[in-house]
Enquirer: 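Please see the structure below; I have some questions.
Only this structure's heavy atoms are used, side chains among them; waters, hydrogens and symmetry mates stay out.
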Amino acid sequence: MGSPWKALSDDNRRQIMLLLKEKEIITPTEIAEHFNFTMSGVSINLRILKEADLITEKKEGKNRLYSLNRKTTSELVRFFDDMYDYKLKSLKEYVENKERKKVKN
């Protein structure tokens with residue numbers, strides 16, 4: 001499995017992820033039309049996203065349908081939530097300490 005962070009380093013792949021969020025399920029042809037990509041370009045980007053476990057592929061007859069992998073994308077969101085939650089807690093403590101000092105004076 002590839003790194004989700006590395007897969008998301010490319011703007012085209014981030015745009016595909018946003019499109020998948022909006023459409024929920026989409027075919028490679030729809031992606032190509034939306035971005036004016038070649039089919040080989042779409043295929044390469046989908047392969048990288050799939051290897052990073054950011055998207056899932058479902059086969060229906062001859063069609064391949066892609067959607068976001070909610071588990072992996074949720075883990076990425078949790079990472080940022082944890083990172084910013086720490087900063088917010090630190091800010092809250094700073095402000096509360098500053099207020100206590102004002103009250104004492």
Side-chain angles (χ1 to χ4, degrees):
M1 178 184 344
S3 165
W5 301 107
K6 198 170 191 177
L8 290 172
S9 68
D10 181 84
D11 188 51
N12 291 325
R13 289 191 286 273
R14 288 191 304 273
Q15 293 302 316
I16 290 171
M17 295 285 291
L18 291 172
L19 180 63
L20 286 169
K21 177 186 164 273
E22 182 183 312
K23 300 278 187 175
E24 293 191 27
I25 297 174
I26 197 165
T27 65
T29 303
E30 291 171 305
I31 293 170
E33 290 169 355
H34 187 80
F35 293 108
N36 202 21
F37 289 166
T38 64
M39 286 307 293
S40 64
V42 170
S43 180
I44 290 167
N45 285 304
L46 288 174
R47 180 180 47 80
I48 292 168
L49 291 169
K50 190 174 164 195
E51 287 174 359
D53 206 26
L54 290 168
I55 62 172
T56 59
E57 177 187 70
K58 180 178 163 185
K59 294 179 184 176
E60 277 189 11
K62 293 181 181 181
N63 294 322
R64 293 175 188 255
L65 304 173
Y66 292 89
S67 59
L68 289 179
N69 181 336
R70 301 281 180 195
K71 182 179 183 263
T72 304
T73 54
S74 293
E75 289 170 6
L76 296 174
V77 169
R78 262 192 305 277
F79 170 82
F80 285 107
D81 282 345
D82 290 345
M83 184 174 72
Y84 285 108
D85 185 48
Y86 170 77
K87 298 277 188 192
L88 290 175
K89 284 180 183 174
S90 296
L91 177 62
K92 180 181 181 240
E93 289 172 8
Y94 172 78
V95 169
E96 287 173 348
N97 287 334
K98 198 170 186 173
E99 288 299 314
R100 279 190 218 119
K101 287 178 184 178
K102 281 183 181 179
V103 171
K104 286 181 181 180
N105 292 331

Enquirer: As an exercise, state the distance from CD1 of I48 to NZ of K50, rounded to the nearest 0.5 Å.
Expert: 13.5 Å
Enquirer: State which residues pass side chain to side chain contact (heavy atoms under 4.5 Å, CB included) with L54; sequence neighbours excluded, sorted by chain then number.
Expert: P4, A7, L8, M17, L49, A52, T72, T73, L76
Enquirer: Would L68 and I16 show up in the same hydrophobic cluster when neighbours are defined by side-chain heavy atoms closer than 4.5 Å?
Expert: yes
Enquirer: Show the numbers, then the answer: is there a side chain to side chain contact (heavy atoms under 4.5 Å, CB included) between I55 and N69?
Expert: CA-CA 5 Å; I55 62 172; N69 181 336; 5.7 Å; no
Enquirer: Looking at residues at least two apart in the chain, or sitting in another chain, which of them share a side chain to side chain contact (heavy atoms under 4.5 Å, CB included) with K62?
Expert: none
Enquirer: So which atom in S9 and which in R13 form the shortest heavy-atom distance, rounded to 0.1 Å?
Expert: OG-NH2, 4.4 Å
Enquirer: Sequence neighbours left out, what passes side chain to side chain contact (heavy atoms under 4.5 Å, CB included) with E60? Give chain and number order.
Expert: K58, L65
Enquirer: Sequence neighbours left out, what pairs pass ring-ring contact (aromatic ring centres under 6.0 Å, His included) with at least one residue falling in residues 37-73?
Expert: F35-F37
Enquirer: Going by the rule side chain to side chain contact (heavy atoms under 4.5 Å, CB included), which residues pair with N36 if we only count those two or more places apart in sequence or in a different chain?
Expert: none
Enquirer: Taking S74 for its side chain and R70 for its backbone only, find out whether a donor-acceptor pair lies under 3.5 Å.
Expert: yes
Enquirer: Quick one: pull up CD in E33 and CE in M39 and give me the separation to the nearest 0.5 Å.
Expert: 9.0 Å
Enquirer: At what distance, to the nearest 0.5 angstrom, does CD of E57 lie from CG of L46?
Expert: 8.5 Å
Enquirer: Sequence neighbours left out, cut at 3.5 Å: what donor-acceptor pairs do the side chains of residues 23-31 make with other protein atoms?
Expert:
unit_1 : atom_1 : unit_2 : atom_2 : d
T27    : OG1    : E30    : N      : 3.2
T27    : OG1    : E30    : OE1    : 3.1
E30    : OE1    : T27    : N      : 2.8

